[in-house]
Amino acid sequence: MDLNQYHIVLVNLDPTVGSEIKKTRPCVIISPNEMNRYLQTVIIAPMTSQSRNYPTRIEVKHHNKKGWVVLDQIRTVDKLRILKVLDKLTDKEILKLKSIIKETLVY
């Protein structure tokens with residue numbers, strides 16, 4: 001399976017602990033393609049269909065469904081957890097994602 005940065009993929013996130021986002025759900029790959037090609041893990045941000053307007057969440061629309069990329073729940077997962085590629089972010093969504101990551105993690 002070809003896994004690229006900004007692809008939306010279906011990921012089995014269980015088992016989880018505490019307040020971590022659980023279930024099998026869409027996630028956005030945020031690790032760069034150089035890592036995705038050579039490592040057995042990818043860095044993802046889970047997506048949810050329900051959210052409050054937090055500064056670390058980006059609203060996206062794919063397949064006529066509204067959702068949010070949850071950048072406050074970034075995690076690394078093994079590629080074995082990825083079930084399939086669903087879609088990819090638009091250029092506008094990618095710019096917003098980069099801006100929020102920079103604002104949140106690179107002070």
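Sequence positions, counted from 1, serve as the residue numbers for this chain.
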- [ ] Answer whether the closest heavy-atom distance between the side chains of R57 and L71 falls below 4.5 Å.
- [x] no
Open item on the list: If we ignore hydrogens and angles and just use 3.5 Å, is the side chain of T104 paired with the main-chain N or O of I100 as donor and acceptor?
Closed with: yes
Open item on the list: Within this structure, what is the CG-NZ distance for the pair D87 and K61, rounded to the nearest 0.5 Å?
Closed with: 13.0 Å
TODO: Output yes when D14 and K23 qualify as a salt bridge under the 4.0 Å nitrogen-oxygen rule, no when they do not.
DONE: no
Task: Between CD1 on residue I8 and NZ on residue K88, distance to nearest 0.5 Å - done: 10.5 Å
Open item on the list: Is there a path of hydrophobic side-chain contacts, each under 4.5 Å between heavy atoms, that joins I44 and V70?
Closed with: yes
Open item on the list: What I want to check is whether the side chains of N36 and S31 have a donor and an acceptor closer together than 3.5 Å.
Closed with: yes
- [ ] Report, as yes or no, whether the 6.0 Å neighbourhood of atom NZ on K66 holds more than 12 heavy atoms from other residues, nucleotides or ligands.
- [x] no
TODO: Spell out, yes or no, whether V77 and L39 are grouped together once hydrophobic residues are joined by side-chain heavy atoms under 4.5 Å, including indirect joins.
DONE: no
Task: Spacing of N33 atom CG and N4 atom CG [to the nearest 0.5 Å] - done: 4.5 Å
Open item on the list: Under 4.5 Å between side-chain heavy atoms, counting indirect links through other Ile/Leu/Val/Met/Phe/Trp/Tyr residues: same cluster for Y54 and I30 or not?
Closed with: no
Task: Connected via hydrophobic side-chain network under 4.5 Å: Y38 and M1 - done: no
Open item on the list: Testing N12, V11, T48 one by one against R25 for a side chain to side chain contact (heavy atoms under 4.5 Å, CB included), which residue passes?
Closed with: T48
Open item on the list: Can you give me the closest heavy-atom contact between M47 and V28, atom names plus distance?
Closed with: SD-CG2, 3.9 Å
Task: Contact check, side chains of V42 and I82, non-hydrogen atoms, under 4.5 Å - done: yes
Task: C27 versus P46, closest heavy-atom pair with distance - done: SG-CA, 3.6 Å
Open item on the list: A side-chain contact here means heavy atoms from C-beta on lying under 4.5 Å apart; do I74 and I43 qualify?
Closed with: yes
Open item on the list: Are L13 and R75 packed together at the side-chain level, in the sense that at least one heavy-atom pair is separated by less than 4.5 angstrom?
Closed with: yes
Open item on the list: To the nearest 0.5 Å, what is the distance between OG1 on T41 and CG on L3?
Closed with: 11.0 Å
Task: Flag side-chain contact, heavy atom, 4.5 Å: V17 against P15 - done: no
Open item on the list: For a side chain to side chain contact (heavy atoms under 4.5 Å, CB included) check, start with the C-alpha distance between I21 and T16, then their side-chain angles and the critical distance, and finish with the verdict.
Closed with: CA-CA 7 Å; I21 289 185; T16 58; over 6 Å; no
Open item on the list: Just verifying a value: how many Å separate Y6 OH and I94 CD1, rounded to the nearest 0.5 Å?
Closed with: 6.0 Å
- [ ] Would you indicate whether the side-chain heavy atoms of L86 and H62 approach each other to under 4.5 Å?
- [x] no
Open item on the list: side chain to side chain contact (heavy atoms under 4.5 Å, CB included), that's the test. Do T24 and L83 meet it? Break it down for me.
Closed with: CA-CA 9 Å; T24 298; L83 305 176; 3.6 Å; yes
Task: Same apolar cluster (I L V M F W Y, side chains within < 4.5 Å links), V60/L97 - done: yes
Task: Approximate separation, where rounding is to 0.5 Å, of I29 CD1 and Q5 CD - done: 9.0 Å
